[in-house]
Peer 1: 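Okay, here's the structure, questions in a sec.
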Amino acid sequence: MKDNRQGFSLKGIGVRLTLILIGVMGFYLLTTWHNIRALQEQSRGFSVLSGSHFERTMYAAELSRDAEVIAAQALESLMGARRTASDIPPIDQDLLRIYQNVRNEIEPASELERLQLAELDRWQKPYFDSLKKLADKLSEEQSFQLRQQEKLNDLLARLKSMEQGLASPEAIDPAFNAYALAALSYASLALSSEKAGQLRRLELSAHKILGYLKNLPSLSPFQQQYLSQLTPVVSDAFEFRRPVLVSQRASLAAVRQARLYAQKLTTSSYNYFLTLKKTAMDATATYQQLVSETFRMIAIFSVIFVLLMVLTVLFIREKVVRRLDDLQQVMHLHMEGKHPEIPVDGEDEISDMGKAFSIFVEARRKAEQELIEARQEAEDANQQLKTLNNQLQMLSETDTLTQIPNRRRFEQELQTLWRHCTRYSHPLCLIIIDIDNFKLFNDRYGHHAGDHCLYHVAQLLLQEMETCQGMLARYGGEEFVVLLPEMDSIQGKNVAEQLLSAVKAAELKHLGSPEGIVTLSMGIASCLPESGTVPYRLLQRADEALYRAKNAGRARVEVA
Ligand SMILES: Nc1nc2c(ncn2[C@@H]2O[C@H](COP(=O)(O)OP(=O)(O)OP(=O)(O)O)[C@@H](O)[C@H]2O)c(=O)[nH]1
């Protein structure tokens with residue numbers, strides 16, 4: 001059995017639609033996969049950004065802040081040391097530890113970061129060493145100040161005592177008193193002096209006054225004793241202040257050193273912070289770019305997807321639905337008997353349907369054509385049969401020799417006219433015609449000539465009968481008969497005379513006849529047929545009339 005199913009072909013509408021749908025679905029899966037990957041990439045980037053860049057940036061910020069706090073605390077310590085010897089806050093060891101912990105958390109992520117962390121580490125040790133040195137210095141200064149406090153109190157008491165000494169009754173020289181008071185003032189100013197140069201200038205001034213007082217010409221015993229006490233007090237004041245200034249200068253230098261390192265450290269950590277911040281900003285920009293790219297791709301894919309779907313719908317509408325509608329319409333029109341052109345374009349299932357329908361229509365058209373032709377042939381055969389039947393009928397009712405109705409036909413017509421005239425009470429006239437001396441004609445001219453004569457006479461009679469309504473037939477042998485419906489004997493006789501004259505006028509040669517030509521004898525009879533009667537009597541009467549015409553000499557008409 002033949003398998004009519006089509007194999008795999010790209011021209012098939014089903015295969016094409018399937019491929020299109022697979023393509024659209026594949027595109028959809030591809031774009032979805034791409035978007036998922038992009039989102040995963042963005043998610044990972046964002047995790048790195050938040051988990052690494054921002055964390056390390058925060059560490060860098062903490063580092064910078066810790067360095068600043070430690071530096072500020074060191075300054076605070078210094079200020080406290082200058083205010084009072086008992087009020088020096090210690091440098092917070094926790095901050096140092098925290099700073100170190102934060103630093104340990106940071107690992108460089110690039111060459112630039114590594115260099116910046118190296119710079120940070122470069123200043124880290126000197127900075128903390130300087131802080132330690134500062135702390136030691138401040139501690140040392142604290143103990144130094146505690147030791148100096150007693151000396152200071154003693155010195156202040158001695159200065160006060162010397163000042164009070166000038167108010168005794170023995171201090172009567174105002175100039176001496178003024179110079180001594182000036183020397184005491186310089187000594188007092190030395191105790192609050194902040195700079196070594198200033199201290200030296202005050203000391204020079206004080207020693208100049210003391211030299212002047214010693215060189216006075218007439219010093220009283222009181223004045224000599226007072227001067228011997230004043231000179232060590234003034235010298236002690238300057239000797240006391242000098243180490244204090246040295247100690248303060250050393251502390252200040254330690255603070256400046258710590259401050260310098262702090263500045264270096266904070267600058268390094270701030271630079272590192274700026275680098276990490278830039279890295280984080282770059283990562284954020286990259287992330288934003290990825291997001292923008294994803295949105296752009298999604299928008300492009302969506303537009304392409306929508307376009308593909310629209311094209312698919314248009315393709316289905318144009319290549320399937322419209323063609324199916326057209327084919328359906330054409331099929332309906334064919335079913336209604338119209339014959340529009342069947343669409344068979346393409347090589348897919350629909351065009352195959354059109355071709356199959358076209359083959360069916362063509363087969364049907366051929367079948368109908370064959371049916372029509374068969375019908376036509378049948379009709380032709382029928383017509384032919386009818387003609388043959390008619391011819392047969394004619395032959396069966398026509399005399400072969402004379403080509404006029406034979407006796408059988410005559411008798412049928414006689415029965416018909418008999419009934420007709422009976423019904424309508426019309427007369428019916430009958431003429432029997434006999435060729436005179438025909439035996440002699442045969443004998444003289446031969447039977448064949450006799451046949452020809454019979455034919456000739458019949459045709460002459462037939463020709464004459466065209467002018468009147470009636471029927472001519474060969475009754476048998478050389479006898480003819482004429483039926484004249486609705487005619488009486490008189491009218492019948494006129495017709496008979498007319499027939500007689502016509503044959504006579506033809507002058508058919510018959511040397512056996514007294515007149516030398518073919519003549520006719522006729523017997524006429526007519527009647528009003530009645531119901532229940534038969535025409536036999538009418539025939540008999542016409543025959544009797546013919547007999548009389550023969551006996552009367554032939555070539556004449558006799559009426560019954
Ligand atoms: N040639 C030919 N002769 C026929 C035909 N039928 C009859 N006859 C002849 O017609 C003749 C009739 O002769 P008859 O009956 O004696 O009559 P007749 O000779 O005509 O004499 P009347 O009738 O008395 O005038 C016969 O000789 C028949 O042979 C026919 O079909 N052909």
Side-chain angles (χ1 to χ4, degrees), residues 391-415 429-466 470-484 489 492-526 535-560:
Q391 286 177 351
L392 203 59
Q393 180 82 14
M394 284 278 288
L395 283 173
S396 67
E397 294 178 351
T398 303
D399 179 63
T400 316
L401 179 63
T402 60
Q403 295 298 309
I404 62 172
N406 58 17
R407 181 168 178 165
R408 185 162 162 256
R409 173 80 183 92
F410 161 74
E411 285 177 349
Q412 287 173 353
E413 187 68 12
L414 177 61
Q415 292 294 334
C429 183
L430 187 144
I431 305 172
I432 295 180
I433 303 168
D434 188 284
I435 301 175
D436 297 328
N437 301 308
F438 195 62
K439 182 177 182 306
L440 292 177
F441 189 93
N442 276 333
D443 292 343
R444 180 175 288 268
Y445 300 106
H447 200 267
H448 182 70
D451 286 347
H452 183 71
C453 180
L454 281 172
Y455 173 77
H456 207 158
V457 170
Q459 292 303 313
L460 286 170
L461 294 174
L462 188 65
Q463 195 174 349
E464 281 302 312
M465 285 299 293
E466 287 177 357
M471 178 194 176
L472 170 68
R474 186 181 178 191
Y475 196 59
E478 82 288 15
E479 283 185 348
F480 299 93
V481 66
V482 173
L483 275 173
L484 297 169
S489 298
K493 187 178 181 185
N494 289 335
V495 173
E497 295 286 355
Q498 190 181 333
L499 295 174
L500 192 68
S501 300
V503 173
K504 194 180 276 184
E507 292 183 344
L508 299 174
K509 190 177 177 181
H510 184 3
L511 293 178
S513 168
E515 295 183 33
I517 57 172
V518 173
T519 58
L520 302 175
S521 295
M522 300 183 193
I524 299 171
S526 70
Y536 171 72
R537 180 61 188 146
L538 182 65
L539 276 168
Q540 193 178 27
R541 285 172 56 218
D543 195 46
E544 288 170 359
L546 174 63
Y547 184 73
R548 283 201 305 277
K550 288 283 185 183
N551 288 336
R554 297 185 176 84
R556 68 193 62 221
V557 176
E558 283 293 331
V559 180

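We use all heavy atoms of the structure for the numbers below, so side chains are in, but hydrogens, waters and symmetry mates are not. Start at 1 and go down the list; that is how both ligands and their atoms are numbered.
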Peer 1: Ring-plane angle category for Phe438 and Phe441, please: parallel below 30°, perpendicular beyond 60°, tilted otherwise.
Peer 2: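 Answer is parallel, since the angle falls under 30°.
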Peer 1: Determine the sole option in Leu484, Leu538, Asp543 for which the side-chain contact (heavy atoms from CB on, under 4.5 Å) test with Leu430 is passed.
Peer 2: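 When side-chain contact (heavy atoms from CB on, under 4.5 Å) is applied between Leu430 and each of Leu484, Leu538, Asp543, only Leu538 qualifies.
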Peer 1: Does any N or O in the side chain of Arg548 come within less than 3.5 Å of the main-chain N or O of Val559, such that one atom is a donor and the other an acceptor?
Peer 2: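 Pair found, side chain donor or acceptor close to backbone of Val559.
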Peer 1: Any side-chain to backbone donor/acceptor pair from Gln459 onto Thr402? Under 3.5 Å, distance only.
Peer 2: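 Yes: the side chain of Gln459 pairs with the backbone of Thr402.
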Peer 1: Is it true that the side chains of Asp434 and Ser521 contain a donor and an acceptor less than 3.5 Å apart?
Peer 2: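 Result is no, nothing qualifies.
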Peer 1: Report all N/O contacts between ligand 1 and the protein shorter than 3.5 Å as a table of atom names and distances to 0.1 Å; if there are none, say 'none'.
Peer 2:
| residue | atom | partner | partner atom | Å |
| --- | --- | --- | --- | --- |
| ligand 1 | 1 (N) | Asn442 | OD1 | 2.6 |
| ligand 1 | 1 (N) | Asn442 | ND2 | 3.0 |
| ligand 1 | 1 (N) | His447 | O | 3.2 |
| ligand 1 | 1 (N) | His447 | NE2 | 3.3 |
| ligand 1 | 3 (N) | Asn442 | ND2 | 2.3 |
| ligand 1 | 19 (O) | Lys439 | N | 3.1 |
| ligand 1 | 20 (O) | Asn437 | N | 3.2 |
| ligand 1 | 20 (O) | Phe438 | N | 2.8 |
| ligand 1 | 23 (O) | Lys550 | NZ | 3.3 |
| ligand 1 | 24 (O) | Arg554 | NH2 | 2.7 |
| ligand 1 | 25 (O) | Asn437 | N | 2.9 |
| ligand 1 | 25 (O) | Lys550 | NZ | 3.4 |
| ligand 1 | 25 (O) | Arg554 | NE | 2.7 |
| ligand 1 | 25 (O) | Arg554 | NH2 | 3.3 |
| ligand 1 | 31 (O) | Arg474 | NH2 | 3.0 |
| ligand 1 | 32 (N) | His447 | NE2 | 3.3 |
| ligand 1 | 32 (N) | Asp451 | OD1 | 3.1 |

Peer 1: Once ring pair (Phe, Tyr, Trp, His ring centres under 6.0 Å) is applied, what residue pairs with a partner in residues 541-560 remain, sequence neighbours excluded?
Peer 2: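 Listed by first then second residue: nothing to list.
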